[in-house]
Amino acid sequence: MLGAINIGTWTFFLGAFGAQLGLEATFNEQLIFMIVITASQALVNHLGIKLTSILTDFSGYLILFGSVALAVALFAFAPSYDFSRLWTFANYSGDVGGGVWPQTESIGLLFALGLLLPIYTITGYDASAHTSEETVKAAVNVPKSMISSVWWSGVFGWLFLVAVVIAIPNMDAAAGQGWSVFFWTLNEVLPGPLKFVLLLIILAAQYLCGLATVTSVSRMIFAFSRDGGLPGSNALKKVSTTYRTPVAAIWTGSVLAVLFTAYTPLYTTIVSVTVIFLFLSFTVPIALGLMAFGKTWTVMGPWNIGGWYRVFAVLSIVAMVLIFFIGIQPPNDKALWITVGFLVLTAIVWFGFERKRFQGPPIGAEIEKLAAAIKQAEQAVGETR
C-alpha cells in the first residue's frame, strides 16, 4: 500500500511539475524520489505519534476542502455542462484511449478494469484499525471512523469525479491523453495561478496520505512482532523510550515499500498487487468468521449487525474473487505471478518453519501478563522523564 501511494505521488508530481523542473519518467529518478519521500515520512513517524496525528488530522481537512475547491473551480470554468456524459459509455481502449488499457470490445471488462483505482483509493479506511491501540474507546471509535471515512470519501470523491468529467472540453481528445488526461483538462480550463495552487494542495494531500500509511504499516508490523508472528520479532517489536514509537518497524516497512516499487515500476501493477493482497487480508478472517459465526463465535462487539453478518461476509468473498480477476488482467498480468509467488513463499515459511515456532497471539492469562508488563514499562519511562 505504501509503495503504491508514493509511486502515485511520484506520477502526479511528474505530471504536474515534471516539465517545469526538467524531470523525465526514468527509473533512476523514480527511485530517488521514492527514497527521499518515504524516508521523510518514516522520519516524521519516528519522531512520535503526536506530530504524526497532527499532520494526519490536517490531511483530512486538506483533502476535504481541497477536493471541494477543485470541484468548484472545474464547475466554474467548465466550457459546457453536458451531464449526459455521466451515464454515457464509450470504448476508449487501445490507442484511442492513450494505451491505458489493451484493445477490447467488452465495455463490461473496461468498466471492471476501471474499478481498480477507486477500489485502491478506498482502502484507506484500514488505517483506523491499525492505530486502534492508540485510540480512545477503540471498539466504538475505530469502526465508526472506518464507516465515516468510506462514506465521506465516497460522497466527495463522486462530486470531484463528476466535476472532472463535466469540465473536459472534448471527450475524444481527452481520452487520447491517456494517463495525462487530468493534467490536460486542468491546462485547458483553469487559469494558471489557480491550477498551480490546486496542484500543490493535491500533492501535499498525497504526501500526507503516504505519511499516514507509514503509521499503519509500522503498527501492523509491530502488532505481529509483539506476538512473535514475524521473523526478527524481537527487534521489530521494540519501542523507542524517547519517542515511544516502533522505530524498527517504521523503517523496515519503509525500506520494503521502496524495494517493492524498485522491482515493479509499473504503477498499475503495483496498484493491482496492493489491492489484491489488502482485500485478501480482509477477506480471509471474514470467511473464517463466516464458518465460526453462531458456533464458536457467539459474542460480538459493540458494532453488532446480527444475522446480516452472513450476507455481508458472502458479498465480501464474491468481491474478493472479482478484485482478483480484474487485478491480473493485462497490462497487469505480472500481478498474478507476484501474488502466486508470494503465496507459495508464505506457505513454505509457514509450514516449514513458523508453524512450529509461532503458537498464535496471546489469550487469557497471557494477555493479562503482557498488559502488566506494558504498564510497568510505561511507569519506568515516566520516571525517567
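Position 1 is the first residue of the sequence; numbering continues from there. Not measured: the values here are computed from a predicted model.
Defined by atom type and a distance below 3.5 Å, a donor-acceptor pair is missing between the side-chain atoms of S80 and D82. Donor-acceptor pairing under 3.5 Å is recorded for the side chains of N6 and Q41.
The minimum heavy-atom distance between L62 and A205, with the atom names listed, is CD2-N, 3.7 Å. Closest heavy-atom contact between V217 and G253: CG1-CA, 3.8 Å. Between G327 and A335, the closest heavy-atom pair is O-CB, 3.5 Å. Across V214 and I250, no two heavy atoms sit closer than the pair CG1-CG2, 4.0 Å. When every heavy atom of A248 is checked against every heavy atom of T252, the shortest pair comes out as O-OG1, 2.7 Å. F277 and I338 get closest at one heavy-atom pair: CZ-O, 4.3 Å.
Hydrophobic clustering, with ILVMFWY side chains joined whenever heavy atoms are under 4.5 angstrom apart, keeps V150 apart from W152. Cluster annotation: W10 and I201 are assigned to the same hydrophobic cluster (Ile/Leu/Val/Met/Phe/Trp/Tyr, side-chain heavy-atom contacts under 4.5 Å, transitive). V273 and F325 fall within a single hydrophobic cluster, where Ile, Leu, Val, Met, Phe, Trp and Tyr are joined by side-chain heavy atoms under 4.5 Å apart, directly or via other members. L110 is connected to L115 through a chain of hydrophobic side-chain contacts under 4.5 Å among Ile, Leu, Val, Met, Phe, Trp and Tyr, so both are in one cluster. I107 and W87 are members of different hydrophobic clusters when ILVMFWY side chains are connected at heavy-atom separations under 4.5 Å.
The OG atom of S180 lies 9.0 Å from the CG atom of L14; values are rounded to the nearest 0.5 Å. Between the CG atom in L203 and the CG atom in L198 there is a gap of 12.5 Å [rounded to 0.5 Å]. Rounded to the nearest 0.5 angstrom, L230 CG and M220 CE are separated by 8.5 Å. Atoms OG and CZ, from S233 and R226 in turn, are 11.5 Å apart once rounded to the nearest 0.5 Å. Separating the CG atom in L70 from the CZ atom in F160 is a distance of 4.5 Å, to the nearest 0.5 Å. Expressed to the nearest 0.5 Å, how far CG of L55 lies from OG of S53 amounts to 9.0 Å.
Annotation for Y61: atom OH does not count as buried by contact number, only 12 or fewer foreign heavy atoms lying within 6.0 Å. Dense packing is recorded around CZ of F75, with more than 12 heavy atoms of other residues, nucleotides or ligands lying under 6.0 Å away. Around CH2 of W350, the count of heavy atoms belonging to other residues, nucleotides or ligands within 6.0 Å exceeds 12. Atom CH2 of W303 is surrounded by more than 12 heavy atoms from other residues, nucleotides or ligands within 6.0 Å. Other residues, nucleotides and ligands place no more than 12 heavy atoms under 6.0 Å from the CG atom of D95. In K195, the NZ atom is crowded: over 12 heavy atoms of neighbouring residues, nucleotides or ligands sit closer than 6.0 Å. The 12-atom threshold is exceeded at CZ of F293, counting heavy atoms of other residues, nucleotides or ligands nearer than 6.0 Å.
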(request) Starting from the C-alpha separation in whole Å, work towards a yes-or-no answer on side chain to side chain contact (heavy atoms under 4.5 Å, CB included) for I168 and W184. (result) CA-CA 9 Å; I168 291 175; W184 178 83; 4.2 Å; yes

(request) Assess whether side chain to side chain contact (heavy atoms under 4.5 Å, CB included) is satisfied between L236 and F222, documenting all intermediate values. (result) CA-CA 6 Å; L236 293 173; F222 167 76; over 6 Å; no

(request) Under the side chain to side chain contact (heavy atoms under 4.5 Å, CB included) rule, what do W337 and I328 come out as? Steps first, then yes or no, please. (result) CA-CA 9 Å; W337 302 111; I328 62 174; over 6 Å; no

(request) Under the side chain to side chain contact (heavy atoms under 4.5 Å, CB included) rule, what do F111 and F89 come out as? Steps first, then yes or no, please. (result) CA-CA 9 Å; F111 181 82; F89 293 88; 4.1 Å; yes

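Proximity of R219 to T245: side-chain heavy atoms (C-beta onward) are separated by under 4.5 Å at one or more points. Counting heavy atoms from C-beta outward, F324 and M320 have side chains that approach closer than 4.5 Å. Looking at heavy atoms from C-beta onward, I7 lies in side-chain contact with Q30 at the 4.5 angstrom threshold. Looking at heavy atoms from C-beta onward, L186 lies in side-chain contact with L74 at the 4.5 angstrom threshold. Here the side chains of W179 and T11 are not in contact, with every heavy-atom distance at 4.5 Å or above. Between L113 and Q329 the shortest side-chain heavy-atom distance falls below 4.5 Å. Side-chain contact between F13 and L21 is present, with heavy atoms from C-beta onward closer than 4.5 Å. Using a 4.5 Å cut-off on side-chain heavy atoms (C-beta onward), F182 and T185 make no contact.
Annotation: side chain to side chain donor-acceptor pair (under 3.5 Å) contacts involving residues 305-316, sequence neighbours excluded, are absent.
Taking the six-membered ring for Trp, F12 and F183 have ring centres closer than 6.0 Å.
A donor-acceptor distance shorter than 3.5 angstrom exists from the side chain of N170 to the backbone of A173, with no hydrogens or angles considered. Remark: the backbone N or O of L109 is paired with a side-chain donor or acceptor of S106 at under 3.5 angstrom. Under the 3.5 Å distance criterion, the side-chain polar atoms of S59 are matched with a main-chain donor or acceptor of T56. A donor-acceptor contact shorter than 3.5 Å is absent between the side chain of T38 and the backbone of I35.
Taking the side chain to side chain contact (heavy atoms under 4.5 Å, CB included) definition, one finds that V321 meets it with nothing, sequence neighbours left out.
The aromatic rings of F196 and F17 sit perpendicular to each other, their planes meeting at more than 60°, with 30° as the lower class boundary.
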